Protein chains: 2
Amino acid sequence: MTASSRIHARLRGDILGGRYEVGDALPSERRLSEELETSRHGVREALKRLQQAGLVSISQGGATRVRDWRRHGGLELLLDLAAEGDAPEALHVPRAAMEMRASIGADAARRCAERADAATKAQIVARAEQLAAVEDLAARNAHYEVLWELIVDGADNIAYRLALTSLIASSQRIASVDAHAVSAELDDTEAIRALAHAINQSSENVHTLAADLLERSIPRG
Amino acid sequence: MTASSRIHARLRGDILGGRYEVGDALPSERRLSEELETSRHGVREALKRLQQAGLVSISQGGATRVRDWRRHGGLELLLDLAAEGDAPEALHVPRAAMEMRASIGADAARRCAERADAATKAQIVARAEQLAAVEDLAARNAHYEVLWELIVDGADNIAYRLALTSLIASSQRIASVDAHAVSAELDDTEAIRALAHAINQSSENVHTLAADLLERSIPRG
DNA sequence: TCACGAGACTGGTTATACCAGTGGTAGACG
DNA sequence: CGTCTACCACTGGTATAACCAGTCTCGTGA
């Protein structure tokens, strides 16, 4: 744990936790370096990372101010929100992540059926069969994640690929809280196999099959 | 343009442009500071931003190495990819962005119809009517963006909200290349009004209406 | 009352020194 | 001859101190 990452985590928590209002000025770099007992450079590195994430705006001569992260932040904040225990509960982060996962996943499956080559589709079918053959939930979950990586790669959509990074990370964080988050999907190996074969045959109902599967894990509320 | 942002842009371009292989070691901070004629701190700030974006991994004692950004990068890279002219064409960045926009947008419209309160829905209808009333394309586009912000806010899904940031930014970058990117949507004011009213009435076909509208702008290929 | 300028802030940059891990390699040893 | 170890040269991490470059405020003078 480096000094700058400590400062980064501290300030990020303060901002995401709502302990600053949008537009508020952060303490100056010199003050922060005193309060947090580090050099100014460590503070600056942390601030650059916050700027990169869209949480603050820095301007020479003026103060460093808190931005509206709901408007300027990227999807990678989802993980941070899931990790920060003190983020407003009303954001429904788990539900949001699972809904997006379902929407993107269903469309990715459809595109994959359209675009992936035979070799990729064969891998998908093979992986689904492997998954169905194991009993251990953790092992099955590992297969399931690989399966979805194959599907998203097969969809040939870089935006889906990049979004998946944030979704997987935040899903894992959510799953660490609720271990059975996706068990409704993992238990139904038949539905998973059916999806894989539908993709392989470029069926019309790939989107429906995928959506039905993925939407099982959306929390109510 | 600060020194660290120059260095950041330079290295980011080298990585996204494929001039480094995954796993390659970057030159050391001391070497970079010589080559790019800045102090080591400027280099460090830039590297921290690259690390934050998932483009490199830094380890004390060892080298700073290039990561697989397709696997570890976040959605905000979409904007960078759209901006870097030398990114591999095969990524189909405009198509990817527009597909994701359609998938997320259609689902957001559905959730908005389910969840938004009457006041928000009234705003959506009002905005659609304003949009239909103006002739100027730029003004209409501005209304259209606000309309979608209202819809996404109404969907009460923080993941969609955060993803929108990257999608809007990269769409604008794409639109600056192809000015008529979304004109097929903007021209059909009737479809936009129909969507707004469907949301207001919580119709069953909101998802279909939204998807039909948004998918018009997906480039072929 | 208003305009403007001094000065006290803000962040931006540089230089230098040292600490703290890593990893390659030369040499000692079996 | 092989292998293991200790060392050293390298990597990034931290700190100090000084100065540059904008911004903003507040008091003074027109």
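Each chain gets a letter, A, B and so on, in the order the sequences are listed, and its residues count up from 1. Since the structure is predicted, the reported quantities are computational estimates derived from the model, not experimental observations.
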Student: Roughly how many Å is it from CD in A:Glu34 to P in D:dT16, rounded to a whole number?
Tutor: 11 Å

Student: Step by step, would you call B:Asp80 with B:Arg173 a salt bridge (charged side-chain N to carboxylate O under 4.0 Å, His left out)?
Tutor: CA-CA 10 Å; B:Asp80 300 329; B:Arg173 183 75 58 161; over 6 Å; no

Student: Residues two or more places apart in sequence or in another chain: which of them pass ring-ring contact (aromatic ring centres under 6.0 Å, His included) with B:His72?
Tutor: none

Student: Could you tell me if the side chain of B:Asn157 sits less than 4.5 Å from the side chain of B:Val152, heavy atoms only?
Tutor: no

Student: Near A:Arg10 CZ, under 6.0 Å, is it more than 12 heavy atoms from other residues, nucleotides or ligands?
Tutor: no

Student: Give every residue pair that meets the side chain to side chain donor-acceptor pair (under 3.5 Å) criterion with at least one member in residues 45-59 of chain A, sequence neighbours excluded.
Tutor: A:Glu45-B:Arg44, A:Lys48-B:Ser4, A:Arg49-B:Gln52, A:Gln52-B:Arg49

Student: Between D:dC10 atom C1' and B:Leu32 atom CG, what is the distance in whole Å?
Tutor: 15 Å

Student: Would you tabulate the pairs of protein nitrogen or oxygen atoms and nucleotide nitrogen or oxygen atoms of nucleotides 10-13 of chain C closer than 3.5 angstrom?
Tutor:
residue, atom, partner, partner atom, Å
C:dT10, OP1, A:Ser28, OG, 3.4
C:dT10, O2, A:Gly61, N, 3.3
C:dG11, OP2, A:Glu29, N, 3.0
C:dG11, N7, A:Arg30, NH1, 3.0
C:dG11, O6, A:Arg30, NH2, 3.1
C:dG11, N2, A:Gln60, NE2, 3.0
C:dG12, OP2, A:Arg44, NH1, 2.7
C:dG12, OP2, A:Arg44, NH2, 3.3
C:dG12, N7, A:Arg40, NH2, 2.8
C:dG12, O6, A:Arg40, NH1, 3.0
C:dT13, OP1, B:Ala3, N, 2.5

